[in-house]
Amino acid sequence: MKKTVGRLYLTLVLIFLYAPIATLMVLSFNSSKSRAHWGGFTFEWYLGLISNEEIMDAFRTTLILAFLSAFIATVLGTAACTGMQFMRRRYRSIIMGITNIPMLNADIVTGVSLMLLFIAARVSMGFTTVLLSHITFNIPYVILSVMPRYRELNKSTYEAALDLGAGPVYAFFKVVLPDLMGAVLSGFLMSFTMSLDDFIITHFTQGPGFDTLSTKIYSEVKKGINPEIYALSTIMFLAVLILLFFVNYRPHLDKENVKK
Amino acid sequence: MKDSRNSLVTAPYLLWSVGFIIIPLIMIIYYAFTGPDGSFTTRNVGDIIYFVNMKALMLSIALSLVSTCMCLLIAYPLALVLTQVVEKNSSLMALIFILPMWMNSLLRTFAWQNILERKGVLNGILVFLGLQPFYIINKPPAIILGMVYDFLPFMVLPIYNSVSEIDKDLINAARDLGAGSFQTLYRVIWPLSLPGVISGITMVFVPSLTTFVISDILGGGKILLIGNIIEQLFTQDSDWNAGAGLSVILMIFIVISMIITAKYDREDG
């Protein structure tokens with residue numbers, strides 16, 4: 001009985017979370033451009049999408065930005081965590097405190113502060129400024145993912161590698177990094193997702209003629225969103241859903257190998 | 001662990017965080033306390049006493065308090081259910097809460113327009129069922145709904161993490177010693193989950209207080225929150241000093257909410 005109530009509640013929340021997503025998916029097949037009523041089923045928006053340069057450009061920019069910012073953030077963040085292992089506790093907690101600032105601060109304040117920085121430095125706003133900003137808000141996700149893993153790590157393997165004549169760099173890549181890989185990867189994925197979904201910080205650090213999907217959508221909210229964007233979002237969403245489905249099934253095999 | 005040269009690999013991040021976190025924050029404070037000619041002034045921060053700004057700030061505080069409470073009310077039972085239904089570290093959690101992020105959050109918020117509209121999906125269903133339609137679009141309740149929708153995962157995940165970490169033996173011990181479900185929840189689970197609750201509250205309150213996107217999309221452009229005013233000052237009016245002044249006010253609220261939560265965290269945690 002209690003379990004049924006629990007499952008019912010979970011289902012209700014899931015409906016709440018997924019209702020807008022379902023709505024957008026339905027709209028991507030709606031042949032009427034006005035979103036108020038259903039005009040019949042169509043693939044028009046999916047076909048039109050391919051030749052819509054503006055949307056495809058914004059889509060490419062979004063992906064490149066997400067990949068680059070997540071990658072650079074992952075390298076910087078993992079290096080930072082590694083270095084912090086050799087630091088005194090006090091310095092480490094100061095750095096972790098600074099790391100928490102972008103996480104706890106409001107996006108609008110972060111965005112505005114970076115905008116003021118770029119204005120003061122007389123950098124013209126565009127891809128570079130947005131990339132720098134995305135790296136900045138992504139690094140904390142990497143650090144907060146990698147740091148806990150370092151705490152669990154068996155430090156003697158690294159020292160053993162050194163004793164056996166490996167250099168610190170070689171020992172890091174051969175012994176430490178493989179153990180960290182899971183956390184590094186999840187930091188990367190988290191960063192990628194955050195960058196992909198960001199609007200506010202991009203909004204303040206972008207220049208004219210630069211668009212990600214988010215800023216494109218925002219500029220279209222008032223005049224009506226092109227249904228081709230619904231089509232693109234539906235494709236992206238389904239792609240990730242399928243990917244997650246496959247990733248979900250693989251760990252089952254891995255787990256059996258690990259549980260010796 | 002003695003070679004201090006190794007700690008040098010932190011240096012690039014340290015430089016980065018000084019350049020892109022610390023200095024930008026100092027820039028806000030600098031702009032907030034100077035006029036266009038660079039002379040010291042408290043006028044920008046003082047602008048908050050204007051009726052429009054004050055009204056927006058008060059509305060922001062009210063709406064974000066309500067949405068934070070609603071998130072907590074929805075999320076806490078949900079976290080309890082999830083710890084029973086979902087295996088630990090299962091990717092189902094990611095499926096439920098991270099996956100929606102792959103549909104652009106602006107679009108998802110925008111989709112609520114369709115659902116809530118006068119002749120939208122929800123009213124269609126209500127009328128079909130013979131119930132009264134309701135109209136909340138472009139009104140504060142629609143903004144609250146948008147906030148709850150957008151930020152609910154930030155409340156659920158920390159609470160789920162702290163609840164799932166509670167030792168099952170403690171709960172069993174409470175039961176063995178004669179505590180009922182409610183007493184176990186109130187005396188054992190709730191106090192132990194408090195760190196998660198508090199971090200959830202900050203993670204929902206701050207973005208709700210400072211949003212300008214949700215009020216733009218679901219408020220029909222007529223309801224101004226403090227975030228909308230700051231956004232307009234920066235992007236439309238290019239009045240960076242005034243914008244920075246109000247941002248400092250916002251930062252004060254963020255810091256206050258952090259101090260309150262940190263204090264609770266120490267007392268109970």
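To find a chain, count down the sequence lines: A is the first, B the second, and so on, and within it residues start at 1.
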Inset, instruction - Give, as side chain, backbone, both or neither, the part of A:Phe137 having an atom under 4.5 angstrom from any heavy atom of chain B. - result: neither
Inset, instruction - Answer with yes or no after comparing the ring centroid distance for A:Phe16 and B:Trp112 against a 6.0 Å cut-off, counting only values under it. - result: yes
Inset, instruction - May I ask you to name which of B:Met101, B:Met203, B:Met103 has the most heavy-atom pairs under 4.5 Å with chain A? - result: B:Met103
Legend entry - Parallel, tilted or perpendicular, as decided by the 30° and 60° cut-offs, for the rings of A:Tyr218 and B:Phe212: perpendicular
Inset, instruction - Evaluate the side-chain proximity of B:Ser17 to A:Thr99: yes if any heavy-atom separation is below 4.5 Å, no if none is. - result: no
Inset, instruction - Locate the shortest heavy-atom distance separating B:Ala244 from A:Leu116; write the atom from each residue and the value. - result: CB-CD1, 4.4 Å
Inset, instruction - Using a cut-off of under 4.5 Å on heavy-atom pairs, state which of A:Thr62, A:Asp107, A:Thr82, A:Ile143 scores highest against chain B. - result: A:Ile143
Legend entry - Side-chain heavy-atom pair A:Ser113, B:Met27 within 4.5 angstrom cut-off: no
Inset, instruction - Would you indicate whether the side-chain heavy atoms of B:Phe20 and A:Ile135 approach each other to under 4.5 Å? - result: no
Legend entry - B:Ala56: partners by side chain to side chain contact (heavy atoms under 4.5 Å, CB included), with sequence neighbours left out: B:Ile229
Legend entry - Pairs of heavy atoms under 4.5 Å with chain A: top-ranked of B:Trp240, B:Tyr30, B:Tyr149: B:Tyr149
Inset, instruction - Check whether any side-chain heavy atom of B:Arg108 sits under 4.5 Å from a side-chain heavy atom of A:Asp197, and report yes or no. - result: yes
